[in-house]
Student: 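Have a look at the structure that comes next, please.
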Amino acid sequence: MTRPELSDAEQIVRALMEHCAGSTAQGASLRRSQGRTLTEAKDVGWFRHLLAQIRREAERQGRPVPSDETIFLIATLLSGDRAALRRFAETEALAGAPANLGKSLDGVEYKFDPKAHEKKMEAKPNPQRRESRFERRLRLLLDAELTWDGQGELPFRLRQCVRFVISGKGEIAWPQLLLDLWRWNWPSRPARREWAQAFYGDPRALKPTLKTGDTEPPVERETDIEV
């Protein structure tokens with residue numbers, strides 16, 4: 001399968017934005033579905049039609065598409081980002097400021113707990129330093145599993161973190177988040193590495209870290225995550 005690119009994720013997120021920003025009822029149905037998989041969700045028949053459209057267009061263009069459950073997870077999270085939806089409705093622009101969710105979390109930490117952020121960024125970190133609440137959120141995310149059918153601990157942890165960032169007036173780079181979930185179980189774990197690098201101020205987070213042989217995630221669940 002062709003390796004997914006950010007542009008592939010952007011087209012999908014734009015389609016989701018158009019429906020969520022343009023229809024109060026559709027956005028509400030997605031918000032009510034938070035915590036459910038697409039299989040479990042009710043009143044989202046319109047979303048299944050949208051998925052079919054996305055897949056037909058991707059097939060026509062020869063582009064890859066993530067699983068239905070991955071797209072649905074992003075859609076339910078996106079439906080709660082009212083600021084992003086309002087901006088898209090007014091300008092059709094997608095937020096692109098943060099590199100990824102790790103950078104978003106870093107920005108909220110800098111805003112609300114500058115002392116913790118300063119200690120984290122010290123050239124010689126103190127091994128006795130207590131883990132901040134922001135670091136704990138990131139660690140739990142990086143250790144979480146995402147199964148092929150959209151389950152595992154990651155969706156739960158991700159909902160918590162996304163709400164935390166949005167409530168702190170932070171921005172989510174939605175196309176990048178979709179791409180990162182798409183790559184979550186890849187053998188080289190690029191998404192997890194990039195989130196950690198972005199959170200701890202490593203400039204490598206702004207550069208792709210994919211290995212040549214990376215293609216698509218395996219079906220098996222991963223454990224013992226190392227970052």
Side-chain angles (χ1 to χ4, degrees), residues 4-38 41 43-61 63-108 110-111 141 150 154-155 158-184 191 194-195 198 205-206:
E5 303 290 348
L6 184 59
S7 59
D8 301 319
E10 287 174 346
Q11 291 198 40
I12 296 171
V13 168
R14 188 168 292 277
L16 298 177
M17 284 277 195
E18 288 173 354
H19 281 74
C20 291
S23 171
T24 302
Q26 291 179 348
S29 68
L30 288 174
R31 287 191 294 275
R32 288 194 299 270
S33 298
Q34 289 187 1
R36 296 186 176 96
T37 64
L38 179 58
D43 303 323
V44 291
W46 67 269
F47 186 81
R48 292 184 173 88
H49 289 297
L50 176 60
L51 283 174
Q53 294 174 11
I54 290 173
R55 292 196 174 280
R56 283 197 300 268
E57 183 62 19
E59 183 177 356
R60 186 182 68 81
Q61 298 181 11
R63 295 186 293 104
V65 183
S67 70
D68 289 354
E69 291 290 358
T70 299
I71 298 176
F72 185 66
L73 173 57
I74 285 292
T76 59
L77 297 173
L78 173 60
S79 67
D81 193 346
R82 299 181 186 275
L85 293 175
R86 189 181 311 114
R87 179 173 53 246
F88 183 83
E90 295 171 353
T91 66
E92 296 188 352
L94 301 177
N100 53 43
L101 191 60
K103 189 63 176 178
S104 296
L105 194 58
D106 174 70
V108 175
Y110 178 79
K111 181 178 180 180
L141 276 172
L154 183 61
L158 196 58
R159 285 195 303 276
Q160 287 186 323
C161 190
V162 165
R163 289 171 182 168
F164 184 70
V165 170
I166 292 174
S167 67
K169 306 300 182 183
E171 287 191 345
I172 306 289
W174 290 105
Q176 185 64 54
L177 182 56
L178 173 57
L179 180 62
D180 289 344
L181 296 188
W182 202 343
R183 307 178 299 161
W184 193 253
E194 290 163 13
W195 287 13
L206 302 178

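These numbers come from a predicted model, not from an experiment.
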Student: Salt bridge (Lys or Arg N to Asp or Glu O under 4.0 Å) with Arg60: which residues, sequence neighbours excluded?
Tutor: Glu57

Student: Measuring from Ile54:CD1 to Glu59:CD, what's the distance to the nearest 0.5 Å?
Tutor: 14.0 Å

Student: Rounded to the nearest 0.5 Å, how far does CG of Leu177 lie from CG of Leu73?
Tutor: 8.0 Å

Student: Output all residues satisfying side chain to side chain donor-acceptor pair (under 3.5 Å) with Gln34, sequence neighbours left out; order by chain, then residue number.
Tutor: Arg163

Student: Compare every heavy atom of Ser79 with every heavy atom of Gly27, then report the nearest pair and how far apart it is.
Tutor: O-CB, 3.7 Å

Student: Determine the minimum heavy-atom distance between Leu85 and Cys20, stating which atoms define it.
Tutor: CD2-CB, 3.7 Å

Student: Let's go through Leu38 and Leu51 carefully: what are the C-alpha distance in whole Å and the side-chain angles of both, what is the deciding distance for side-chain contact (heavy atoms from CB on, under 4.5 Å) to 0.1 Å, and is it a yes or a no?
Tutor: CA-CA 11 Å; Leu38 179 58; Leu51 283 174; 3.6 Å; yes

Student: Does anything in residues 14-29 pair up under side-chain hydrogen bond (donor to acceptor under 3.5 Å, both in side chains), and if so which pairs, sequence neighbours excluded?
Tutor: Ser29-Trp46

Student: Which residues pass the ring pair (Phe, Tyr, Trp, His ring centres under 6.0 Å) test with Phe72, sequence neighbours left out?
Tutor: Phe47

Student: Looking at every heavy atom in both Leu101 and Cys161, which two are closest together, and how far apart are they?
Tutor: CD2-SG, 4.2 Å

Student: Could you work out, with side chain to side chain contact (heavy atoms under 4.5 Å, CB included) as the rule, every residue matching Ala58, not counting sequence neighbours?
Tutor: Arg63, Val65

Student: First locate atom CD1 of Ile71, then atom CG of Leu16, and finally report the distance between them rounded to the nearest 0.5 Å.
Tutor: 7.0 Å

Student: Is the shortest heavy-atom distance from the side chain of Leu94 to the side chain of Val13 under 4.5 Å?
Tutor: yes

Student: Considering residues at least two apart in sequence or located in another chain, which fulfil the side chain to side chain contact (heavy atoms under 4.5 Å, CB included) criterion with Ser167?
Tutor: none

Student: Looking at Lys111, I want to see if its NZ is surrounded by more than 12 non-hydrogen atoms of other residues, nucleotides or ligands under 6.0 Å.
Tutor: yes

Student: So, using side chain to side chain contact (heavy atoms under 4.5 Å, CB included) as the criterion, who are the partners of Ala89 when residues are at least two apart?
Tutor: Ala21

Student: Decide yes or no for Leu154 and Leu181: does some side-chain heavy atom of the first lie under 4.5 Å from some side-chain heavy atom of the second?
Tutor: yes

Student: What's the separation between atom CZ in Arg87 and atom CE in Met17, rounded to the nearest 0.5 Å?
Tutor: 7.0 Å

Student: Kindly give the heavy-atom pair with the smallest separation between Val44 and Ser33, and that separation in Å.
Tutor: CG1-OG, 3.7 Å

Student: Please give me the minimum heavy-atom distance between Ala9 and Trp182, naming the atom from each residue.
Tutor: N-CZ3, 4.3 Å

Student: When rounded to the nearest 0.5 angstrom, what is the spacing between CD in Gln176 and CG in Asn100?
Tutor: 6.0 Å

Student: Side chains of Ile12 and Pro66, heavy atoms from C-beta outward: is any pair under 4.5 Å?
Tutor: yes

Student: List for me each residue that meets side chain to side chain donor-acceptor pair (under 3.5 Å) alongside Ser67, sequence neighbours excluded, and say none if there are none.
Tutor: Thr70

Student: Measure across Trp184 and Ala191 and return the closest heavy-atom pair with its distance rounded to 0.1 Å.
Tutor: CE3-CB, 4.1 Å

Student: Hey, what do you get for CD (Gln160) to CG (Leu141), rounding to the nearest 0.5 Å?
Tutor: 8.5 Å

Student: Among all residues two or more places apart in sequence or in another chain, which pass the side chain to side chain donor-acceptor pair (under 3.5 Å) test with Arg55?
Tutor: Asp68

Student: Return the set of residues passing side chain to side chain contact (heavy atoms under 4.5 Å, CB included) with Tyr110 (not counting sequence neighbours), or none when no residue passes.
Tutor: His117

Student: Under the rule for side chain to side chain donor-acceptor pair (under 3.5 Å), what residues qualify as partners of Arg48, not counting sequence neighbours?
Tutor: none

Student: Taking atom types as modelled, find out whether Asp81 and Trp174 have a side-chain donor-acceptor pair closer than 3.5 angstrom.
Tutor: yes

